[in-house]
Engineer: 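First the structure, then my questions, so here it is.
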Amino acid sequence: MKKIFDLENFIKSLKFINPYLWSVYFTIFSSILFSIFSAARPVLIQLAFDIYISPSSNNHNAVTSFFVDNFSISFFSFMLIIFLFLFLEAFIQFFFIYKSNFIAQLVIKDIRNDLFNKILNFKVAYFDNNPIGKVITRVISDIEAVGLMFSQGILSIFGDIFKILIIVSWMIFSNWKLAIVSLSFFPFLIFSTIIFQKLMKKTFERIRAEISKLNVFVYEHILGIHIVKIFNQQKKEEEKFKNINKDYTNYNIKSVLYFSIFLPVIDIFSAISMGLIVWYGGFMIFSNNSDFSQFNTTLGQLISFILLVNMLFRPLRSMADKFNILQMGTVAFSRVFKLINSNNNSEKITGDKNELFYSKHIKFKNVSFSYKKDELVLNNINLQIDSGKSLAIVGPTGSGKSTLINLITRFYELKHGDILIGEESIKNLDINILRKNIGLILQDTFLFSETIFKNITFFTKKTKKELNFILEEMGLTNFINSFPNGLDYNIGEGGVYLSSGQKQLISFIRTYISLSPIIIFDEATSSLDSETEELIKKSIRFLIKNKTSIIIAHRLSTIKNVDKIIFLKDGKIIEHGTHEELIFKKGFYWKYYKTQLV
């Protein structure tokens, strides 16, 4: 059976307010003051009626008698006191609203920072199995819902509960019989609230799920807009979006329906309670029955009770709304918390060794790997790359070339076999130190929506003067100067204004300034103009000089001078040797090379 309210996740969420406890205590104190000042208003109005407006309406009750016996204040002065109370109530309310929202924003910032830090340290496999739109929903939409839970949920509900306790306590203290009559419908209201919250929790869970679906769908279709357009699938995809959007709208409408039923129910109970007060209170005032007269019910007290009941049902009404926010916040937080506490998805950051890998060979020892169970991508790979030497990996699509890179960089963890750098397994190395020693140029080069300079210096604080010297050394000064504004040229989202060759050249520069002793280069499959291809060949030679390098080659003309070439097929090393040796063998590599020449 599902819980109406997820108390466990609610308690977990409270740990995020620990850094701001004094502010929270101060805000809670202000909510208590606000409740006291609010509840005092009807009592002051009662005194105004019983002492000044209608002093002969009936015998004074205990409160009025105490005020008359101890204070002698003019009507004008008393009205000033009421206005002063109203002003203080308004000021305290302002302070409470400001501080509660201020704390909420700080909490949102902390949760979002924690979550993003966690996501940055997730295994790459997590992103293979979870749509990016779903992750974005967690970081943005779900955390906003958690923020509302803190600003309009927890602290506000605390203030409302305290106000209810003060009002009920005062009503019982001042006239318990009239209080019982006016609160007689409370059990029915509590029963209605329980049913309402049960329905709303289920609806809110569906709303959060549908938001996630919407985000995933929109993200994927913006990313793949070219595919949608080239196949003329706009209408079909629009219909899919309409169906998802319709489900999201229907669940929101369902929540509105529940709300539309619940709020009038509260208003009905409020009206009945006030009616009972007028009937029973009036009867107590005007009856000559001595059994009633002992309660000393006054006109002022009757008016006070009507105002108090109205004030009592108002926080109950707002609490329903705030409880919904709390419900939605805890549902969202359970999803966020699942990510923050998800240790299975996180990379093992620390290791036993922290060192630089100069003058060390790389050895693959009986390495087998599969992304999915029983679907081997690499099968018993044994391979050694000597320090300062270059290795080229050649093979058809799906042969496991990129998987070798994913394993040596520990984007995916080894399950069978081992990879050694020197005599040390990469499993025992600090993952950050390992990657600091590896310069990686991927086939699909990713660049940020920034200038060329900021993309190149993404991880370093090199100045433009230092960078210009490196560009001169690499022979790429003219290449950079060919862009408007040179290094300050904004490349657009994902480098949309650049060709694939230009992206790779910028990636070459970024990798070179990392000074990594190991270079891994996954060559782009797209064809290049002769000038860019010549620049890339020159950059490769410059980049791998005196470094341990691995090149996944698609254009065999770029790897003629490497120290060793292996040919991969179906996850196995079929051939190995130098370019000349493999051509002489006239095997798989020779056929591959011959095909490219044709």
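Numbers for residues simply follow the sequence, beginning at 1.
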Engineer: Do Phe102 and Ser23 make a side-chain contact, defined as non-hydrogen atoms from C-beta onward lying under 4.5 Å apart?
Structural biologist: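 Side chain of Phe102 against side chain of Ser23, heavy atoms only: no contact under 4.5 Å found.
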Engineer: Could you walk me through whether Lys163 and Leu312 pass side-chain contact (heavy atoms from CB on, under 4.5 Å), step by step?
Structural biologist: CA-CA 8 Å; Lys163 185 186 285 187; Leu312 182 65; over 6 Å; no
Engineer: Where is the tightest heavy-atom contact between Met311 and Pro42, given as atom of each residue plus distance?
Structural biologist: SD-CG, 3.4 Å
Engineer: Give me the atom names and distance for the closest heavy-atom approach of Phe269 to Ser192.
Structural biologist: CE1-OG, 4.1 Å
Engineer: With rounding to the nearest 0.5 Å, note down the distance linking CD1 in Ile36 to CD in Glu89.
Structural biologist: 12.0 Å
Engineer: Hey, could you give me the CG/OH distance between Leu106 and Tyr20, rounded to the nearest 0.5 Å?
Structural biologist: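 So the CG of Leu106 and the OH of Tyr20 are separated by 4.5 Å.
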Engineer: Do you know the tightest heavy-atom contact between Ile456 and Leu467?
Structural biologist: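 Scanning both residues, the minimum pair turns out to be CG2-CD1, 3.7 Å.
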Engineer: After noting the C-alpha distance and the side-chain angles of Asn432 and Lys436, does the key distance pass the side-chain contact (heavy atoms from CB on, under 4.5 Å) rule?
Structural biologist: CA-CA 6 Å; Asn432 292 323; Lys436 187 179 179 181; over 6 Å; no
Engineer: Say whether, by atom type as modelled, one donor and one acceptor occur between the side chain of Thr451 and the main chain of Lys454 under 3.5 angstrom.
Structural biologist: yes
Engineer: How about Leu86 and Arg41: do any of their side-chain heavy atoms sit closer than 4.5 Å?
Structural biologist: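 Yes. Closest side-chain heavy atoms under 4.5 Å.
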Engineer: Under a 4.5 Å cut-off applied to non-hydrogen side-chain atoms, are Phe122 and Lys118 in contact?
Structural biologist: yes
Engineer: Under the side-chain contact (heavy atoms from CB on, under 4.5 Å) criterion, do Asp488 and Ile452 qualify, and how do the steps go?
Structural biologist: CA-CA 6 Å; Asp488 292 323; Ile452 292 174; over 6 Å; no
Engineer: With a sphere of 6.0 Å drawn around CZ of Phe26, does it hold more than 12 non-hydrogen atoms of other residues, nucleotides or ligands?
Structural biologist: no
Engineer: Could you measure the distance from the CE atom of Met274 to the CG atom of Leu308? Nearest 0.5 Å is fine.
Structural biologist: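 The CE atom of Met274 sits 11.5 Å away from the CG atom of Leu308.
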Engineer: What pairs with Tyr497 under ring-ring contact (aromatic ring centres under 6.0 Å, His included), at least two apart in sequence or on another chain?
Structural biologist: none
Engineer: Roughly how far, to the nearest 0.5 Å, is CG of Asn101 from CZ of Phe96?
Structural biologist: 9.0 Å
Engineer: Show, in sequence, the C-alpha distance, side-chain angles and deciding distance for Ser74 and Ser77, and conclude whether the side-chain hydrogen bond (donor to acceptor under 3.5 Å, both in side chains) test is met.
Structural biologist: CA-CA 5 Å; Ser74 68; Ser77 299; 2.9 Å; yes
Engineer: I'd like to check Phe162 versus Ser31 (side-chain heavy atoms, cut-off strictly below 4.5 Å). Are they in contact?
Structural biologist: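 No. Closest side-chain heavy atoms not under 4.5 Å.
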Engineer: Side chain of Thr460, backbone of Thr457: donor and acceptor closer than 3.5 Å?
Structural biologist: no
Engineer: What side-chain donor-acceptor pairs closer than 3.5 Å can you find for residues 78-85, not counting sequence neighbours?
Structural biologist:
none

Engineer: Mind checking ring-ring contact (aromatic ring centres under 6.0 Å, His included) for Phe75 and listing every partner two or more places apart, or none if nothing turns up?
Structural biologist: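 Testing Phe75 for ring-ring contact (aromatic ring centres under 6.0 Å, His included), a comparison that skips the adjacent residues, returns Tyr52.
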Engineer: Would you say the side chains of Thr27 and Ser30 form a donor-acceptor pair under 3.5 Å?
Structural biologist: no
Engineer: Do Leu183 and Ser273 come close enough that some side-chain heavy atom pair is under 4.5 Å?
Structural biologist: no
Engineer: For Arg435 and Thr409, work out which heavy atoms get closest and say how close.
Structural biologist: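 Looks like NE-O, 3.0 Å.
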Engineer: How about Met171 and Trp176: do any of their side-chain heavy atoms sit closer than 4.5 Å?
Structural biologist: no
Engineer: With sequence neighbours left out, what residues match Tyr258 under side-chain hydrogen bond (donor to acceptor under 3.5 Å, both in side chains)?
Structural biologist: none
Engineer: Could you state the interatomic distance from CZ (Arg206) to CG (Asn250), rounded to the nearest 0.5 Å?
Structural biologist: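 That separation rounds to 11.5 Å.
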Engineer: What closest approach, in Å, do Phe448 and Asn455 show between heavy atoms, and which atom pair accounts for it?
Structural biologist: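 Nearest pair, atom of Phe448 first, then Asn455: N-OD1, 2.7 Å.
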Engineer: Please check if atom CZ in Phe191 has more than 12 non-hydrogen atoms from other residues, nucleotides or ligands closer than 6.0 Å.
Structural biologist: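 No.
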Engineer: Taking atom CD1 of Ile161 and atom CD1 of Ile166, what is their separation to the nearest 0.5 Å?
Structural biologist: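 Those atoms lie 12.5 Å apart.
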Engineer: Going by heavy atoms in the side chains, are Ser174 and Phe305 under 4.5 Å from each other?
Structural biologist: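 Contact flag for Ser174/Phe305 side chains = yes.
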Engineer: Quick one about Glu450 and Asn490 (side-chain donor to acceptor, distance below 3.5 Å, no hydrogens or angles considered), yes or no?
Structural biologist: no
Engineer: Kindly list each side-chain donor-acceptor pair under 3.5 angstrom involving residues 238-249, sequence neighbours excluded, with atom names and distances?
Structural biologist:
residue: Lys240; atom: NZ; partner: Glu237; partner atom: OE2; Å: 3.3
residue: Asn243; atom: ND2; partner: Glu239; partner atom: O; Å: 3.3
residue: Thr249; atom: OG1; partner: Asn245; partner atom: O; Å: 2.8

Engineer: Would Ser182 and Tyr280 count as a side-chain contact (heavy atoms from CB on, under 4.5 Å) here? Give the steps.
Structural biologist: CA-CA 9 Å; Ser182 58; Tyr280 193 70; over 6 Å; no
Engineer: Is it the case that atom OH in Tyr25 sees more than 12 heavy atoms from other parts of the structure closer than 6.0 Å?
Structural biologist: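 No, the 6.0 Å shell around OH holds no more than 12 heavy atoms from other groups.
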Engineer: Please identify each residue that fulfils ring-ring contact (aromatic ring centres under 6.0 Å, His included) with Phe29, with sequence neighbours left out.
Structural biologist: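 By the ring-ring contact (aromatic ring centres under 6.0 Å, His included) rule, Phe29 matches no residue at all.
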Engineer: What orientation do Phe94 and Tyr98 show, parallel under 30°, tilted 30 to 60°, or perpendicular over 60°?
Structural biologist: parallel
Engineer: Considering only heavy atoms from C-beta outward, does the side chain of Ser449 approach that of Ile491 to under 4.5 Å?
Structural biologist: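 Answer no - side chains too far apart.
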